[in-house]
Every structure is written in C-alpha cells, then in structure tokens.
Trainee: 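Below is one structure. I have some questions about it.
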Amino acid sequence: MYAAVDLGSNSFRLHVGKHDGEAIRVIKSVRDPIRLAAGLDASGDLTEAAMQNALACLQRFRAVLDGYQLDAVRVVATSAMRVARNGAVFLPLAEAAIGYPIEIISGEEEGRLIYMGVANSLAIPGERRLVMDIGGGSTELILGRGQDVERVESFSLGTVKQSLSFFIGGRIDAPSFEAAILSARSHFEDGAPPYGPQHWKSAYGSSGTIRTIADIIARNKLGDGLLTAVSLEALVRRFIEIGHTSKIDMPGLRPDRASTIVGGLAILLGLFRELAIPVMTPIEAGLRMGVMWDLYLRSTRRDRREQSVQACMDKFHIDQQRAGHVAEQALAMYAQLKPSSDALVKALRWSSLLHEVGMVVSQTGYHKHAAYIVENADLPGFTTREQNTMSRLILAQKGNLRKIDNVLADPDFAKAVLALRLSILLMHARIEPDFSELRLRMKSRIELDIKRSWVAHHPTVSFWIEKEQEFWDEVGVDFTVRATA
C-alpha cells in the first residue's frame, strides 16, 4: 500500500492506494481546499494565517495516514512552495505536522509524475498523447508516447493568480474574460509549437480544474457536451451572464471552487486556441497517481532516477569504468564508517557516478562545474532536495572543505564526504584497495590505517593524504593516518 500527498497551490490532496495486479486502486482520498497560493502576500511570503491553515490540514492528513499500514509514503509540494520566499521557514514546520519529509518538486518533475499517472491509468501502448494539467500556481504540458515522456514544460501560470488578476472582487464580464484569455495565450505562444495536434493523437486533461469544467459543461448541457472550444466558449458566456463568482450556482461546481474556476477556464480556452486542440478528454488520474506508481516502481527496482543518472553520464561522456570504480569504493568505505542510517547511500552512489560531469566544461575547477550541472540539470525522478544534496557532495570531492563546513555538522554527511574524497584519491593514485587491509573510522576524529606497501608502490599517495589531513584540520577535524605492516 502506498500514499501520495500533493501539497498543491489550490488544494492539499491525499491518496492511499493499493497495487492490485496491473493497477493501483485508490482506497482513500482526501481533499482540503486551503488556497495556499492565495496566501502569498505582495512580497511573496506565505502569511502567518496561510501557514497555520496549512499546518492544521497536514495534521489532519497525518491522522488519516496513521490509520493505514503503508509500505511507502511520498509528500510532494508544487508551485506555491516553489515560489514562497519563506518556504525554508515553513518547510520544517510542515514536515513536523505531517510526520514525513516533504519534497518540493520542479515543474518538470511534476509534469513527469502527472504523465506517469495518466499513462498507467490509460494503459494504451504506443499512443501519442498530449497531457495537460492546470493547477493553482502552474500549468504543465506533457507530450508522450505510451509510457514514455518525450517533452515536458511547466508554465508559471495557474488558476489562483489568473482569477485574482482579471476577475477582481469576483466580477465577471466579457472584457475581463478576453483579457484573461489573451494573457494566457501570451504565456504559451513561444512554447506552443511542439505541442500542436500534429504531434499527438489524443489530448487528455488531468487536473481537477479541467475535470470540473468538463463536468459543468456536461451537466448543464452546454455547447456540444464535449470538451471543445465551442463548449468552453458557451461556458464563458454563461459565466458572463451570471456576472459574479459569488452568484454561480451550477450543477457540477462546488461553491468553494467558483472563485478560481473562472481563471482556470480562461487558461484552458487560451490553450485550446493557441494549440488548436479539437477535443480533450478529462481523466481521473494525475500527480497523486503518478507518485504512487513511482513508489511502486522504486520498490521493484525500476527507479527512474537510475535512468536519469545513466542518461546524464552518457550525455557528458563520463568514463563509466572510472565512475563505477569510484562509486564502488566510496560505498565500501562509507559502510566501514557505520552511518546512523542508509539515507545517504543512494545519493553517495549517484554523486560518485556523476562526480566528473564538470570536465565537459573544464579540467580546472571541474568539481564546481559538476556541482552546478547536477543541481540545475533536469534529472527526471529527482527532487530539488536530492539534487542539492548530490551537488554539495560533488562540490566537496576535492579542495578545501570550508565551502561546505555548514553541513559537515551532520555526521553522516561528513562521512559521505570523506568516503567520496578518499575513493577519488585512491583512484587517482591508481590503488586497487583490498578493504580487508584498510581500516577507516570517524567519530570525534578520522583514523585511517593503510598498508606500508601502498605508499611504497604509489609514491604520490603520501602527498595526497597529507593534503587531505590539512583540509580536514582547517575545519577542526583531526585526521590520523597509521601505516601498518
């Protein structure tokens, strides 16, 4: 059983699902329309009221999660948390409230997970499709074939901002709608060509906004009953006739959604016009279903992150043998250091494999180039936090340690840094260590026992170890090396 929690800009949602044969069946679903994006003030900070409202919701979600025996839980946050200036203050409070780590995912990763949820729900092999998701703070367009994502783009345009910007005070009129639609088209026009109908066979709308609009159209017998430009324009005319969001009372629309659905409708109609979409099918699948499928695939050793690391190695022409050798040695030494948990094991392995990607830029300072690339590259499957952790490990692979001394207070992270640095040192000294002959410890100080024969056969190893001792001494860590028989 898996749980996916989506901290969206408009609503917080929770799914509990169970993998059942070829599908994941949702057995519990919870939604709380907390309007997080509307809680951003003029400076881009979440207000105190917005944070308290969100924390109360997360505590309720925690009570729901505690009622199930779950194999894995993943909590993801999207646009509002990506842009909130005080997100770093709010994040630890939110994690304490729900009892799980929260991953602030990129727009591209959000799109990938949305597509994964849709593709697994459709199960139509080989179909070329466009998937669209209009959220409270962003809109994602994903082009794919079958299970594979071919292109994904996230636009910083969502229902909350569009509603607040163009339907001020809830007032609805024709000029406001036309301005909102034109504004939406201006956001998409540069990125639109790759998503035109010549590139796909079917178009699907995965978000609650699109499903709600489709439901209103169907239940109120508007236009042709399908999700087309004709039916969307008919809904626009009906909203203009009503004149105010507070007066909207239509089958298919909950009162709490009326204030933002008008902005979502403007975005959707703008996309229909810009992309020349003939018809779209709403689908009850998306981000949360994608998160659960991702958890299932990780449990079956089909981790998308492994594919991303391999693709990055291929792209930057990494010497696979050298990288694999460093990774193997780093993990062996990290195990000797006895970390308190295995939370950093995968990050250490991936960092070891990618530690030389910066050489494509320059041999000089390649560790800095590599750290920048890994932190900022589009690596499907990875969260911003994971990429940041890998970037810091890669930055720490050589040179002084003062540049990361703020994170060396974490004993496990310091051990991972030591393991990576020593594995690279041994690789450059051309030493093939027998780890039964090496002893490495790190508590209040570092202790390394090595064979005298290593020094005799590899003259540069003494120089490199002396430099390593100096670097650790600069950050207040004693490094003792003993040569044994």
Trainee: If we ignore angles and hydrogens, is there a donor and acceptor under 3.5 Å between the side chains of Q52 and E48?
Mentor: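 Indeed, the side chains of Q52 and E48 share at least one donor-acceptor pair under 3.5 Å.
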Trainee: If you take the centroid of each ring, where Trp contributes its six-membered ring, are H19 and Y296 closer together than 6.0 Å?
Mentor: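 They qualify: ring centres under 6.0 Å apart.
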Trainee: Can R392 be said to sit on top of F413's aromatic six-ring, NZ or CZ under 6.0 Å from centre and within 45° of the ring axis?
Mentor: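 Output yes; distance and angle both within limits.
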Trainee: Are D294 and R304 close enough for a salt bridge, meaning some N to O gap below 4.0 Å?
Mentor: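 No, D294 and R304 are not salt-bridged.
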Trainee: Salt bridge check: are R128 and E150 linked by an N-O gap of less than 4.0 Å?
Mentor: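 Yes, charged N to carboxylate O under 4.0 Å.
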Trainee: Examine distances only and state if a side-chain atom of E466 and a backbone atom of F463 form a donor-acceptor pair shorter than 3.5 Å.
Mentor: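 Such a contact is absent between E466 side chain and F463 backbone.
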Trainee: Taking the side chain as every heavy atom from C-beta outward, state whether L91 and M81 have any pair of such atoms under 4.5 Å apart.
Mentor: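 Of all side-chain heavy-atom pairs linking M81 with L91, at least one is under 4.5 Å.
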Trainee: Is it true that Q469 and D473 share a donor-acceptor pair across their side chains at a distance under 3.5 Å?
Mentor: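 Per modelled atom types, D473 and Q469 side chains form no pair under 3.5 Å.
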Trainee: Judged by atom type as modelled, is there a donor-acceptor pair below 3.5 Å linking the side chain of N120 to the main-chain atoms of M116?
Mentor: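 Checked: pair present.
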Trainee: Please determine, by modelled atom types, if R129 and S202 share a side-chain donor-acceptor pair under 3.5 angstrom.
Mentor: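 Judged by distance alone, the side chains do not pair up.
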Trainee: Could you tell me the separation between the CZ atom of R13 and the CZ atom of R288, rounded to the nearest 0.5 Å?
Mentor: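 Answer rounded to 0.5 Å: 5.0 Å.
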Trainee: Is there a donor-acceptor pair closer than 3.5 Å between any side-chain N or O of D412 and the backbone N or O of S340?
Mentor: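 Side chain of D412 to backbone of S340, a donor-acceptor pair under 3.5 Å: yes, one is there.
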Trainee: When E109 is tested against each of R305, R82, R74 for salt bridge (Lys or Arg N to Asp or Glu O under 4.0 Å), which residue passes?
Mentor: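 Result: among R305, R82, R74, R74 is the only option passing the salt bridge (Lys or Arg N to Asp or Glu O under 4.0 Å) with E109.
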Trainee: Check each of V357, V374, T389 against I394 using the side-chain contact (heavy atoms from CB on, under 4.5 Å) test, and report the only one that passes.
Mentor: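 Checked V357, V374, T389 against I394; only one passes side-chain contact (heavy atoms from CB on, under 4.5 Å): V374.
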Trainee: Atom CD of E140 and atom CG of L113: how far apart are they, to the nearest 0.5 Å?
Mentor: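 With rounding to 0.5 Å, CD (E140) is 10.5 Å from CG (L113).
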Trainee: Taking R439 first and then D449, would you say they form a salt bridge - that is, a charged N and a carboxylate O separated by under 4.0 Å?
Mentor: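 No.
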Trainee: Between S308 and P380 (side chain of the first, backbone of the second, donor and acceptor by atom type, cut-off under 3.5 Å), is there such a pair?
Mentor: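 Flag set: sc S308 to bb P380 pair under 3.5 Å.
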Trainee: Scan side-chain atoms only and decide if Q329 and H325 contain a donor-acceptor pair under the 3.5 Å cut-off.
Mentor: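 A pair is found: one side chain offers a donor N or O, the other an acceptor, under 3.5 Å apart.
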Trainee: Would you mind checking if E284 and R211 are paired as a salt bridge, meaning a charged N to carboxylate O distance below 4.0 Å?
Mentor: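 Result for this pair is yes, salt bridge flagged.
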Trainee: Might you confirm whether atom NZ of K315 has over 12 heavy atoms from other residues, nucleotides or ligands at distances under 6.0 Å?
Mentor: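 No, NZ of K315 has 12 or fewer neighbouring heavy atoms, counting only those of other groups under 6.0 Å.
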Trainee: Would you sort out whether R385 and E103 count as a salt bridge (charged side-chain N to carboxylate O under 4.0 Å, His left out), showing the intermediate values?
Mentor: CA-CA 7 Å; R385 182 182 297 182; E103 303 171 7; over 6 Å; no
Trainee: Check Y366 against H355 and note the closest heavy-atom contact, atom names and distance.
Mentor: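 Heavy atoms only, the tightest pair is CE1-O, 3.6 Å.
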Trainee: Would you check if the distance from the ring center of Y195 to the ring center of W200 is below 6.0 Å?
Mentor: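 No, too far apart.
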Trainee: Assess the side chains of Y2 and S299: does a donor N or O sit below 3.5 Å from an acceptor N or O?
Mentor: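 The answer is yes; a qualifying pair exists.
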Trainee: Can you tell me if R62 uses its side chain to pair, donor with acceptor, with the backbone of A96 under 3.5 Å?
Mentor: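 Side chain of R62 to backbone of A96, a donor-acceptor pair under 3.5 Å: yes, one is there.
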Trainee: Between S207 (side chain) and I134 (backbone), is there a donor-acceptor pair under 3.5 Å?
Mentor: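 Present.
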Trainee: I'd like to check I102 versus V76 (side-chain heavy atoms, cut-off strictly below 4.5 Å). Are they in contact?
Mentor: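 They are not in side-chain contact.
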Trainee: How many angstroms lie between atom CE of M333 and atom CG of L348, to the nearest 0.5 angstrom?
Mentor: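 One gets 9.5 Å once the value is rounded to the nearest 0.5 Å.
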Trainee: Evaluate salt bridge (charged side-chain N to carboxylate O under 4.0 Å, His left out) for R445 paired with E447, printing each intermediate quantity in order.
Mentor: CA-CA 7 Å; R445 64 178 184 173; E447 298 177 8; 3.1 Å; yes
Trainee: Ion pair present between E468 and K398, side-chain N to carboxylate O less than 4.0 angstrom?
Mentor: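 No, E468 and K398 are not salt-bridged.
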Trainee: If you count every heavy atom of other residues, nucleotides or ligands that lies below 6.0 Å from F316 atom CZ, does the total exceed 12?
Mentor: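 Counting other residues, nucleotides and ligands, CZ of F316 exceeds 12 neighbours.
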Trainee: Given 3.5 Å as the limit, does a donor-acceptor pair link the side chain of S9 with the main chain of G136, or not?
Mentor: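 Checked: no pair found.
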Trainee: Looking at K415 and K338, would you say the former's side chain and the latter's main chain have a donor-acceptor pair under 3.5 Å?
Mentor: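 The answer is yes, because a donor-acceptor pair under 3.5 Å joins these two groups.
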Trainee: Is there a donor-acceptor pair under 3.5 Å between the side chain of S351 and the backbone N or O of A347?
Mentor: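 Checked: pair present.
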Trainee: Got a donor-acceptor contact below 3.5 angstrom from the Q336 side chain to the L440 backbone?
Mentor: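 Answer holds: yes.
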Trainee: For atom NZ of K161, is the number of surrounding heavy atoms from other residues, nucleotides or ligands below 6.0 Å larger than 12?
Mentor: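 It does not: K161 NZ has 12 such atoms or fewer within range.
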Trainee: Checking salt bridge (charged side-chain N to carboxylate O under 4.0 Å, His left out) for the pair E474/R402: CA distance, chi angles, key distance, verdict?
Mentor: CA-CA 7 Å; E474 287 176 352; R402 295 188 302 274; 2.8 Å; yes
